[in-house]
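Take a look at the structure below.
Given the structure is predicted, the values throughout are model-derived calculations rather than measurements. Both counts, for ligands and for their atoms, begin at 1 and track the order of listing.
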Amino acid sequence: MSDNETIFSKIIRREIPADIVYEDEHVLGFRDIAPQAPTHVLFIPKTPIATLNDLQTEHAELAGRLILAAAAHAKELGLAEDGYRVVMNCNQLGGQTVYHIHLHLLAGRQLHWPPG
Ligand code: AMP
């Protein structure tokens with residue numbers, strides 16, 4: 001685990017504003033500042049872990065909680081039937097820019113595959 005400090009730590013501590021749409025004991029969900037789809041929400045663990053490479057077996061439940069939170073939020077918004085995408089980027093070639101793991105929930109338009 002990493003004790004890295006990123007802009008997401010500041011969001012967790014409410015030191016900078018964010019449009020928070022989901023919160024439980026372990027996970028925070030907030031709207032992406034540069035949305036790539038009509039719905040674009042980031043789900044982050046309240047514990048900072050830098051990248052997927054830093055995940056340990058002890059984080060299995062936490063990692064699952066990110067997915068469950070995203071799926072529950074999509075359902076709550078009525079997006080589940082039409083469909084959506086969840087994405088986690090890892091390091092430079094994966095397109096990761098914030099080094100606190102996060103799961104993107106993208107929905108509300110046709111998403112294409114493969115990604116660019
Ligand atoms: P990634 O490129 O996978 O690391 O995703 C990081 C995401 O964080 C990007 O989609 C950014 O638009 C988003 N982001 C960066 N800063 C903020 C912020 N202050 N509030 C909300 N989203 C942010």
Side-chain angles (χ1 to χ4, degrees):
M1 191 189 302
S2 167
D3 61 354
N4 67 311
E5 172 79 14
T6 70
I7 196 156
F8 290 175
S9 298
K10 293 183 169 50
I11 289 173
I12 291 167
R13 295 196 300 265
R14 274 45 173 197
E15 289 172 8
I16 62 167
D19 192 355
I20 294 170
V21 296
Y22 178 93
E23 182 164 22
D24 64 31
E25 188 185 345
H26 305 283
V27 175
L28 194 69
F30 52 90
R31 287 188 214 283
D32 196 293
I33 205 167
Q36 301 301 310
T39 295
H40 187 172
V41 177
L42 302 175
F43 293 86
I44 67 172
K46 290 184 175 177
T47 304
I49 300 166
T51 78
L52 287 177
N53 295 330
D54 300 302
L55 275 184
Q56 308 293 326
T57 306
E58 73 202 58
H59 300 129
E61 185 182 331
L62 185 58
R65 285 179 181 278
L66 296 179
I67 298 170
L68 289 170
H73 189 62
K75 207 172 280 182
E76 190 182 312
L77 294 181
L79 299 167
E81 185 98 353
D82 282 347
Y84 55 86
R85 181 173 295 170
V86 295
V87 177
M88 294 183 84
N89 298 324
C90 182
N91 277 342
Q92 189 184 353
L93 291 188
Q96 185 173 5
T97 58
V98 178
Y99 284 80
H100 178 138
I101 62 166
H102 47 281
L103 183 146
H104 298 256
L105 168 66
L106 297 151
R109 68 170 172 83
Q110 180 63 57
L111 299 165
H112 300 286
W113 193 264

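The shortest N/O to N/O separation between Val98 and ligand 1 falls below 3.5 Å. Taking only nitrogen or oxygen atoms, main chain and side chain alike, His40 does not reach within less than 3.5 Å of ligand 1. Between Gln96 and ligand 1, a contact under 3.5 Å exists for no N or O pair.
Contacts of Tyr99 with ligand 1, taken as heavy-atom pairs under 4.0 Å, are absent altogether. Contacts of His102 with ligand 1, taken as heavy-atom pairs under 4.0 Å, involve the side chain alone.
Against a heavy-atom cut-off of under 4.0 Å, Thr97 is close to the following atoms of ligand 1: 1 (P), 2 (O), 4 (O), 5 (O), 6 (C). Taking every heavy atom of Phe8 and a limit of under 4.0 angstrom, the matching atoms of ligand 1 come to 8 (O). Atoms of ligand 1 found under 4.0 Å from any heavy atom of Arg31, numbered from 1 in the order shown, are 21 (C). Atoms of ligand 1 found under 4.0 Å from any heavy atom of Ala34, numbered from 1 in the order shown, are 12 (O).
Look at Gly95 and you'll find a heavy atom under 4.0 Å from some atom of ligand 1. Residue contact check for ligand 1: His104 places a non-hydrogen atom closer than 4.0 Å to it.
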Problem set entry | CA sep, side-chain torsions, deciding dist, call: Phe43, His73, side-chain contact (heavy atoms from CB on, under 4.5 Å) | CA-CA 10 Å; Phe43 293 86; His73 189 62; 3.7 Å; yes
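Looking at Ile7, Ile16, Leu42 and measuring to atom 8 (O) of ligand 1, the nearest heavy atom belongs to Leu42. For atom 22 (N) of ligand 1, the nearest non-hydrogen atom from the set Asn89, Ile33, Val41, Asp19 belongs to Ile33.
Residues Ile12 and His100 come closest through the heavy atom pair CD1-CE1, 3.6 Å. In terms of heavy-atom proximity, Leu55 sits nearest to Ala63 at CD1-CB, 4.3 Å. In terms of heavy atoms, Gln96 sits closest to Asn89 at OE1-O, 3.4 Å.
For atom 10 (O) of ligand 1, the closest non-hydrogen atom on the protein side is Asp32 OD2, 2.5 Å.
Exactly one of Leu42, Asp19, Val41, Val21 qualifies for a side chain to side chain contact (heavy atoms under 4.5 Å, CB included) with Phe30. That residue is Leu42.
Electrostatic pairing of Glu25 and Arg65 does not count as a salt bridge here, judged by no charged N lying under 4.0 Å from a carboxylate O.
Lys46 places a side-chain N or O within donor-acceptor distance of the main-chain N or O of Asp24, the cut-off being under 3.5 Å. Remark: side-chain polar atoms of Asp82 are not paired, donor with acceptor, to backbone N or O of Leu79 under 3.5 angstrom.
For an aromatic pair to be called close, the ring centres must be under 6.0 Å apart, and His102 with His104 satisfies this.
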